[in-house]
Amino acid sequence: MSADDPHNVFITRETVAGDSDSETSIAGKSVAVKDNISTAGVRTTCGSEMLAEYVPPYSATVVERVLDAGADVVGKTNMDEFGMGTTTETSAFGPTENPVDPERVPGGSSGGSAAAVAAGEADLALGSDTGGSVRCPAAFCGVVGIKPTYGLVSRYGLVAYANSLEQIGPIAPTVEEAAALLDAIAGPDPNDGTTRPEGENSDYAAAADGDVDGLTVGIPTELFEGADERVVETVEAAIDDLEAQGAETVEVSLPSVEHAVQAYYVIAMSEASSNLARFDGVRYGHRAESEGNWNEAFAETREAFGAEVKRRILLGTYALSAGYHDKYYKKAQDARAWIRQDFEDAFEEVDVIASPTMPVLPFELGESLDDPLQMYLADANTTPANLANLPAISVPAGEADGLPVGLQLVGRKFDEETVIRAASAVEE
Ligand code: GLN
């Protein structure tokens, strides 16, 4: 924390100027970039001691696209270590404060990016969303965040946490601005074979027209049950407002989502345990001064990981081990298939699915750190969209007790337009 960064939003504050000849709608805007997205020549720490001095030799595709679109990168934002957290408190660089209420967390793991936008430190920001990390901090900080359909946005240059779940997504004060940033970063990338081949010239910003006349909004009871009453009331009022604008609401059932958090954590930790094996002291970042053999040097190097990261590597390795693979990993994959099917069935009847983004109001700083399970359960409403690879947005629905409440809308695969259109009506 410093005088020019009162909420500890940035890990590294450095400007990279964009193409000044560009005339896109984001030209001249400032963009804060989550610190797990590679920036050539600017250190990229992932919020970890392990990469505290790591300077990547290349930029992520999304960074190239933002610069080509004429926006300036203005810094690398604070985050939960390797994206593992819901509050930005697992960062090795200290917690970020929520600009709306500095006693509270900004959400996570892209907490620095959402706080940068909420505090006016940047016009726009990029985050990454593996299980909610764009939508959660957007909800907690009172801004807009989009998790694109899996394959819409290149992950080239994103330091991997759980590849099969995550997407880079925009954060902005309004739906239209978030959609404009999505326009800049979306589209195929030869460097990421999981990107969808078509879709070069999107115009998501134009979809933010607020027209919900005739739109069918699904209301899944499962994602309202158990949520804080103040959150539910605020979200329900926003949904009533959509009805008043001509939308129709229908109850839908997603019985599988009660298993989403469990399935998500088994899959995310399994993928993480494999992805983080590359931090061995030889190839990237921190290396322990060790007198020992390879195993000792490796173990000592990996002491640089924080407690939450170590916990996940251990649990993920366990879930993938020969004796337990069928019991945990395979079951989680079955649950994932079931969740995908539930959404497909629901989307035969409705155009979007609405719920609270987060079932709770922003935690107080320090509140959730010693209870990882409480923190994991807060991801109940966001993880289903990652497991089903669907597009989702969080848009401010109003306030409860002076704290922001986010409404989440999930859409059909690659139907970002409908999600953006509905969200823009929530703003009105
Ligand atoms: N809170 C979730 C986790 O800790 C989501 C994080 C994310 O989306 N990167 O895994």
Side-chain angles (χ1 to χ4, degrees), residues 33-37 46-48 77-91 95-96 105-114 125-140 145-148 150 153 155 158-171 260-276 305-316 319 332 336 357-360 362-363 367-369 371-394 406 408 410:
V33 176
K34 188 178 184 179
D35 210 20
N36 60 352
I37 300 174
C46 293
S48 181
T77 58
N78 201 9
M79 56 180 282
D80 283 297
E81 188 176 3
F82 287 101
M84 301 177 185
T86 309
T87 63
T88 311
E89 293 171 295
T90 72
S91 170
T96 294
V105 303
S109 62
S110 317
S113 286
L126 291 175
S128 66
D129 191 312
T130 312
S133 282
V134 163
R135 289 161 285 158
C136 159
F140 279 5
I146 302 176
K147 197 254 348 143
Y150 190 81
V153 175
R155 285 178 296 111
L158 169 70
V159 181
Y161 159 19
N163 322 45
S164 80
L165 297 161
E166 60 208 3
Q167 278 285 289
I168 293 170
I171 297 173
V261 169
Q262 289 93 325
Y264 167 79
Y265 275 97
V266 170
I267 293 169
M269 290 179 186
S270 297
E271 292 188 22
S273 72
S274 160
N275 277 322
L276 270 57
F305 285 134
E308 184 61 30
V309 173
K310 286 182 190 153
R311 171 165 34 239
R312 294 188 186 203
I313 291 172
L314 290 172
L315 287 170
R336 183 174 190 173
T357 305
M358 299 300 291
V360 290
F363 302 113
E367 189 183 331
S368 67
L369 262 195
D371 186 357
L373 283 183
Q374 184 198 344
M375 203 169 75
Y376 300 167
L377 284 173
D379 300 335
N381 288 7
T382 50
T383 50
N386 301 81
L387 290 162
N389 296 142
L390 299 173
I393 193 167
S394 180
Q408 172 176 253
V410 180

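One-based numbering, in listed order, for ligands and for the atoms of each.
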Report the nearest protein non-hydrogen atom to [atom]: residue, atom name, distance rounded to 0.1 Å.
atom: atom 9 (N) of ligand 1; result: Ser133 OG, 2.7 Å
atom: atom 2 (C) of ligand 1; result: Asp379 OD2, 3.1 Å
atom: atom 5 (C) of ligand 1; result: Tyr264 OH, 3.3 Å

Exercise. Tell me which part of Ser109 gets within contact of ligand 1: side chain, backbone, both or neither, using heavy atoms under 4.0 Å.
Key: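 For Ser109, the contact with ligand 1 is made by the side chain alone.
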
Practice problem: For ligand 1, indicate whether the residue Tyr376 contacts it via side chain, backbone, both or neither (heavy-atom separation under 4.0 Å). | Solution: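 Within the 4.0 Å criterion, Tyr376 makes no contact with ligand 1.
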
Numbered atoms and elements of ligand 1 in range of [X], under 4.0 angstrom, heavy atoms:
X: Met84; answer: 4 (O)
X: Asp129; answer: 8 (O)
X: Gly85; answer: 1 (N), 2 (C), 3 (C), 4 (O), 6 (C)
X: Gly131; answer: 5 (C), 7 (C), 8 (O)

Exercise. Decide whether Lys34 and Ser113 meet the rule of one side-chain donor and one side-chain acceptor closer than 3.5 Å.
Key: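 Short answer, no.
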
Quiz prompt | Aromatic ring pairing Phe305/Phe82, orientation class (parallel under 30°, perpendicular over 60°, tilted between) | solution =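 The rings of Phe305 and Phe82 stand perpendicular, inter-plane angle above 60°.
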
Self-check item: Test ring-ring contact (aromatic ring centres under 6.0 Å, His included) applied to Phe140 - qualifying residues, sequence neighbours left out
Solution: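 If we apply the ring-ring contact (aromatic ring centres under 6.0 Å, His included) test to Phe140, skipping adjacent residues, there are no hits.
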
Quiz item: Excluding sequence neighbours, so at least two apart, what forms ring-ring contact (aromatic ring centres under 6.0 Å, His included) with Phe363?
Solution: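 For Phe363, no residue satisfies ring-ring contact (aromatic ring centres under 6.0 Å, His included) once neighbours in sequence are set aside.
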
Does a side-chain heavy-atom distance below 4.5 Å link [X] with [Y]?
X: Arg135; Y: Asn386; result: yes
X: Glu308; Y: Glu81; result: no
X: Glu166; Y: Ser128; result: no
X: Leu387; Y: Leu165; result: yes

Quiz item: For atom 10 (O) of ligand 1, which candidate among Tyr161, Tyr265, Phe82 holds the nearest heavy atom?
Solution: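 Shortest heavy-atom distance from atom 10 (O) of ligand 1: Tyr161.
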
Quiz item: Can you tell me if Ala268 has a non-hydrogen atom under 4.0 Å from ligand 1?
Solution: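 No heavy atom of Ala268 comes that close to ligand 1.
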
Quiz item: Would you call Arg312 a ligand 1 contact, heavy-atom distance under 4.0 Å?
Solution: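 True for this residue.
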
